[in-house]
Amino acid sequence: MCEKSVEWSVVDLERAPPTGLDRIDQTTGGLDGAFNFSPTGGQNVDVYVIDTGVDVNHPDIKGRAEVFDVTGEGLQDLNGHGSHVSGTIAGTKFGIAKQARITGIKVFSKSGKGANSNILRALGQVSALQKQRNRPGVVNMSLGGPRGSAQSDSVISKAIQALTAQGVSIAVAAGNENADACGSSPAFVPEVITVGAVDPKNDKFASFSNFGKCVDIIAPGVQIESIAANTAGKSKFLSGTSMSTPHVAGVLAVLMSEGLSRADAEAKLLGTATNGVVKGNLKGSPNKLLF
């Protein structure tokens, strides 16, 4: 009698990980002080962080990160937001896809603000880089703003659709206004994976998180530890759907490093999410916790 072959793989264990990582590697509630991860997770995958830049010298990502600047302020991350996000995606200690490469595209200055035109330029740059590199790609957009005119909504939608047609997966923050995510851009765009926030310590839906039918999945976003930029290796804690989104981007990078296409990786991401464990009033959001 011949049985179907099943492929096994190596799994490593990280002790005392950040709480976000601790929560997403199990379907049951609570934290167990460990994170099971693939030692090759994210290998040969580029993750584009459209944000405030990246501290490429932080030891958690050093040697696997680069930055392009469209603001004119320079390559340094003077705000710290983009570096924190990058650590959750790909950091050796703080990250999920520990072999992924980070390409930071700096669209926001020290203030954490920037023009919509910078975002469009960044998306165009991702497209060009993907054509050159010909590797799997993921975009993290821990950013957003109110939707604009029909014309401006159409422009951002078309730019995103062009990237997804290239096989790039895009994770976007739902927003932190405790409002309908469908009113936020680019969270409203159907082709992105829009991410709401949960507290990983108690599985409660975050009070600040945007919500509704435009949310696709929920991930840890309360008191998340990751890279503190320009501190020679220190960390800090931040909260927001900006912190939830890189958890999703990291998982997508791991899935794509296993050979899955964008569509298949996103289907597996949503299909394997833990259903029904997020507590509180989700206000129309799917009760799907990242796993």
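In what follows, residues are counted from 1 in the order of the sequence shown. Nothing here was measured: the structure is a model prediction, and the numbers come from that model.
Inter-residue side-chain proximity for Asp55 and Lys62 is flagged as unmet; no heavy-atom pair is nearer than 4.5 Å. When side chains are defined from C-beta on, Thr103 does not count as touching Val47, because their heavy atoms never get closer than 4.5 Å. You'll find the side chain of Met243 stays beyond 4.5 Å of the side chain of Pro220, heavy atoms only. Asp22 has its side chain out of reach of Pro200: every pair of non-hydrogen atoms, C-beta onward, lies at least 4.5 Å apart. Under the 4.5 Å side-chain criterion, counting only non-hydrogen atoms from C-beta, Thr245 is not in contact with Val85. Using a 4.5 Å cut-off on side-chain heavy atoms (C-beta onward), Gln130 and Asp46 make contact. Looking at Leu269 and Ile193, their side chains come closer than 4.5 Å, going by heavy atoms from C-beta outward. Counting heavy atoms from C-beta on, the side chains of Ser209 and Asn178 never come closer than 4.5 Å.
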Legend entry - Full working for side-chain hydrogen bond (donor to acceptor under 3.5 Å, both in side chains) between Thr88 and His247: CA-CA 6 Å; Thr88 300; His247 286 86; 5.2 Å; no

Legend entry - Step-by-step salt bridge (charged side-chain N to carboxylate O under 4.0 Å, His left out) determination, Arg133 to Glu66: CA-CA 14 Å; Arg133 294 171 174 178; Glu66 62 181 343; 2.4 Å; yes

Legend entry - Stepwise salt bridge (charged side-chain N to carboxylate O under 4.0 Å, His left out) check, Arg147 with Asp153: CA-CA 7 Å; Arg147 292 179 65 172; Asp153 282 355; 3.0 Å; yes

Inset, instruction - Tell me, with the steps shown, if Lys106 and Glu73 meet salt bridge (charged side-chain N to carboxylate O under 4.0 Å, His left out). - result: CA-CA 9 Å; Lys106 182 174 175 177; Glu73 185 181 65; 2.8 Å; yes

Inset, instruction - Could you give me the CA-CA distance, side-chain angles and deciding distance for Asn287 and Ser285, then say whether side-chain hydrogen bond (donor to acceptor under 3.5 Å, both in side chains) is met? - result: CA-CA 6 Å; Asn287 198 322; Ser285 311; over 6 Å; no

Legend entry - Intermediate values then yes/no, side-chain hydrogen bond (donor to acceptor under 3.5 Å, both in side chains), Thr40 and Gln99: CA-CA 6 Å; Thr40 59; Gln99 297 299 320; over 6 Å; no

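A salt bridge does not link Lys288 to Asp216: none of the charged side-chain nitrogens sits closer than 4.0 Å to a carboxylate oxygen.
Hydrophobic clustering of Ile, Leu, Val, Met, Phe, Trp and Tyr side chains at less than 4.5 Å, counting indirect connections, keeps Tyr48 apart from Leu255. Neither Leu21 nor Val277 shares a network with the other; the hydrophobic side chains, linked directly or stepwise wherever heavy atoms of I, L, V, M, F, W or Y lie under 4.5 Å apart, form separate groups for each. The cluster map of Ile, Leu, Val, Met, Phe, Trp and Tyr, joined by side-chain heavy atoms under 4.5 Å apart, puts Leu290 and Phe35 in the same cluster. Linking Ile, Leu, Val, Met, Phe, Trp and Tyr residues whenever their side-chain heavy atoms come within less than 4.5 Å leaves Val56 and Val107 in two separate clusters. Val254 and Ile102 fall within a single hydrophobic cluster, where Ile, Leu, Val, Met, Phe, Trp and Tyr side chains are chained together by heavy-atom contacts under 4.5 Å.
Counting only N and O atoms by type, the side chains of Gln223 and Thr19 include no donor and acceptor under 3.5 Å apart. Side-chain atoms of Ser169 and Glu266 include a donor-acceptor pair closer than 3.5 Å. Side-chain atoms of His81 and Ser242 include a donor-acceptor pair closer than 3.5 Å.
Across all their heavy atoms, Ser244 and Gly221 have their closest contact at OG-CA, 3.3 Å. When all heavy atoms of Gly53 and Asp77 are compared, the closest pair comes out as O-OD2, 3.4 Å.
More than 12 heavy atoms of other residues, nucleotides or ligands lie within 6.0 Å of NZ in Lys236, so this atom counts as buried by the packing criterion.
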